[in-house]
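Accompanying notes for the structure given below.
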Amino acid sequence: LRDPKRLANFAEAYRSLRDIHNYGARFISPMAWNGSRGTFAGQDGFVSYTALRDSPLEDAIKIVITRGRLMQSMEPGSMLAISGKEEAIREMIEEHDCEIAAINSSEDFVASGYEDDIQKLQHALEKKRISVIKISGSVAGHSKLMTKAAEEFKNVFKDVVISSPAKKFVSNFTGEIVKEEVTKVEYWCNQLRNPVQFAKGIKSLCREYNSKVSFIELGPGKGLSYFVNKCRDANNYKSLQTLQLLPSAREAKEIERIG
């Protein structure tokens, strides 16, 4: 795993999720957004699955490390966060031989592909005054560049028992509350290769609980809150709310300056 921060983030998210669960939360559905404000999160499915089942943490760590190595070993690429109307954006992404890697809201997407193709796409979008942010890193997640990684990923599950989750959670692959599909190796391979359905996941939870849902942002930043609030406003989910446990980097600097 070339980036040790990935494993550290996994451990931190796991611990936070278990704490909230132990405090007696009636329903926990971990979600993570992919690609906004120049950052990338990609281990959310494994955090959910590991923290909400009765099985060894060691298995998940092994899976996360192997997944990271496989992704890093693929051809280098790039990712681009885009804000705009889906129809026009989707057409331009396809014209530049890129793919949609994540759908974070009805107007927020992440494109993934080869570096040169992403650069050309970025220039084309900027010419049309469409807001874009280049995501740091050299991995073209959730794109055709991950096809081989998804195929090889099957091997890591040979000695792993995939049991049913002890709690329900939302899949970032289907955008629906998970069922027994998460006990299949193919599910986790498809999750690596296919787009993140974050916006659909928000709607699934709202549908399940009549929009009376509180989203807690565990890490620094406001990525999850930003997309959840956009979904709330677009769909008039008056009971939907977000909470932040940590200040953003900018807020932390301001607190340090004042204090």
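In this chain, numbering begins with 1 at the start of the sequence shown. Computed from a predicted model, the values in this text were never measured in an experiment.
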To check you understand the geometry: which heavy-atom pair defines the closest contact between [X] and [Y], and what is its length?
{"X": "Cys98", "Y": "Asp117", "answer": "SG-CB, 3.6 Å"}
{"X": "Ala140", "Y": "Ser112", "answer": "C-OG, 3.0 Å"}
{"X": "Val213", "Y": "Phe215", "answer": "CG1-CE1, 3.7 Å"}
{"X": "Ile100", "Y": "Ile103", "answer": "CG2-CG1, 3.8 Å"}
{"X": "Ala101", "Y": "His142", "answer": "O-CB, 3.6 Å"}
{"X": "Ser78", "Y": "Ile118", "answer": "O-CG1, 3.5 Å"}

Contact between [X] and [Y] at the side-chain level, heavy atoms closer than 4.5 Å - yes or no?
{"X": "Arg69", "Y": "Glu152", "value": "no"}
{"X": "Leu80", "Y": "Ile135", "value": "no"}
{"X": "Ile82", "Y": "Leu125", "value": "yes"}
{"X": "Lys128", "Y": "Met92", "value": "yes"}
{"X": "Asn104", "Y": "Val110", "value": "yes"}
{"X": "Val228", "Y": "Leu240", "value": "yes"}

Worksheet entry | Worked verdict on Met146 versus Leu70 for side chain to side chain contact (heavy atoms under 4.5 Å, CB included) | CA-CA 9 Å; Met146 294 295 111; Leu70 283 171; over 6 Å; no
Worksheet entry | Worked verdict on Phe153 versus Ile63 for side chain to side chain contact (heavy atoms under 4.5 Å, CB included) | CA-CA 9 Å; Phe153 192 40; Ile63 290 171; 3.6 Å; yes
Worksheet item: Would Arg90 and Glu95 pass as an ion pair if we require N to O under 4.0 Å?
Response: no
Worksheet item: When you check the gap from the basic side-chain N to the acidic O, do Arg193 and Glu99 get nearer than 4.0 Å?
Response: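 Counted as a salt bridge, because a side-chain N and a carboxylate O are separated by less than 4.0 Å.
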Discussion item. Test side chain to side chain contact (heavy atoms under 4.5 Å, CB included) on Glu86 and Ser106; report intermediate values, then the result.
Written reply: CA-CA 7 Å; Glu86 179 176 0; Ser106 59; over 6 Å; no
Worksheet item: Can you tell me if Thr183 uses its side chain to pair, donor with acceptor, with the backbone of Ser163 under 3.5 Å?
Response: no
Item to complete: Answer yes or no: does atom NZ of Lys144 have more than 12 heavy-atom neighbours from other residues, nucleotides or ligands under 6.0 Å?
Response: yes
Answer yes if the side chains of [X] and [Y] hold a donor-acceptor pair under 3.5 Å, and no otherwise.
{"X": "Ser171", "Y": "Gln191", "answer": "no"}
{"X": "Asn172", "Y": "Gln197", "answer": "no"}
{"X": "Tyr226", "Y": "Ser105", "answer": "no"}

As an exercise, state the distance from [atom1] of [X] to [atom2] of [Y], rounded to the nearest 0.5 Å.
{"X": "Phe173", "Y": "Leu192", "atom1": "CZ", "atom2": "CG", "answer": "11.0 Å"}
{"X": "Cys206", "Y": "Asn235", "atom1": "SG", "atom2": "CG", "answer": "7.5 Å"}
{"X": "Glu181", "Y": "Trp188", "atom1": "CD", "atom2": "CH2", "answer": "9.5 Å"}
{"X": "Asn155", "Y": "Thr66", "atom1": "CG", "atom2": "OG1", "answer": "9.5 Å"}
{"X": "Leu145", "Y": "Tyr114", "atom1": "CG", "atom2": "OH", "answer": "4.5 Å"}
{"X": "Met74", "Y": "Ser143", "atom1": "CE", "atom2": "OG", "answer": "11.0 Å"}

Fill in: Single hit among His123, Gln122, Glu115 for side chain to side chain donor-acceptor pair (under 3.5 Å) with Gln119
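The side chain to side chain donor-acceptor pair (under 3.5 Å) with Gln119 is passed solely by Glu115 among His123, Gln122, Glu115.
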Item to complete: Check the pair Ser164, Glu180 against side-chain hydrogen bond (donor to acceptor under 3.5 Å, both in side chains), reporting the backbone distance first and the verdict last.
Response: CA-CA 7 Å; Ser164 299; Glu180 289 301 307; 2.8 Å; yes
Discussion item. If you apply the rule side chain to side chain contact (heavy atoms under 4.5 Å, CB included), what do you find for His96 with Glu91, and how did you get there?
Written reply: CA-CA 9 Å; His96 288 81; Glu91 184 176 340; over 6 Å; no
Worksheet entry | Contact list for residues 227-242, test salt bridge (charged side-chain N to carboxylate O under 4.0 Å, His left out), sequence neighbours left out |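 Pairs touching residues 227-242 that pass the test: Glu107-Lys230, Asp108-Lys230.
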Item to complete: Please list, chain by chain and in numerical order, all residues satisfying salt bridge (charged side-chain N to carboxylate O under 4.0 Å, His left out) with Asp116, sequence neighbours excluded.
Response: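 Result, salt bridge (charged side-chain N to carboxylate O under 4.0 Å, His left out) vs Asp116: none returned.
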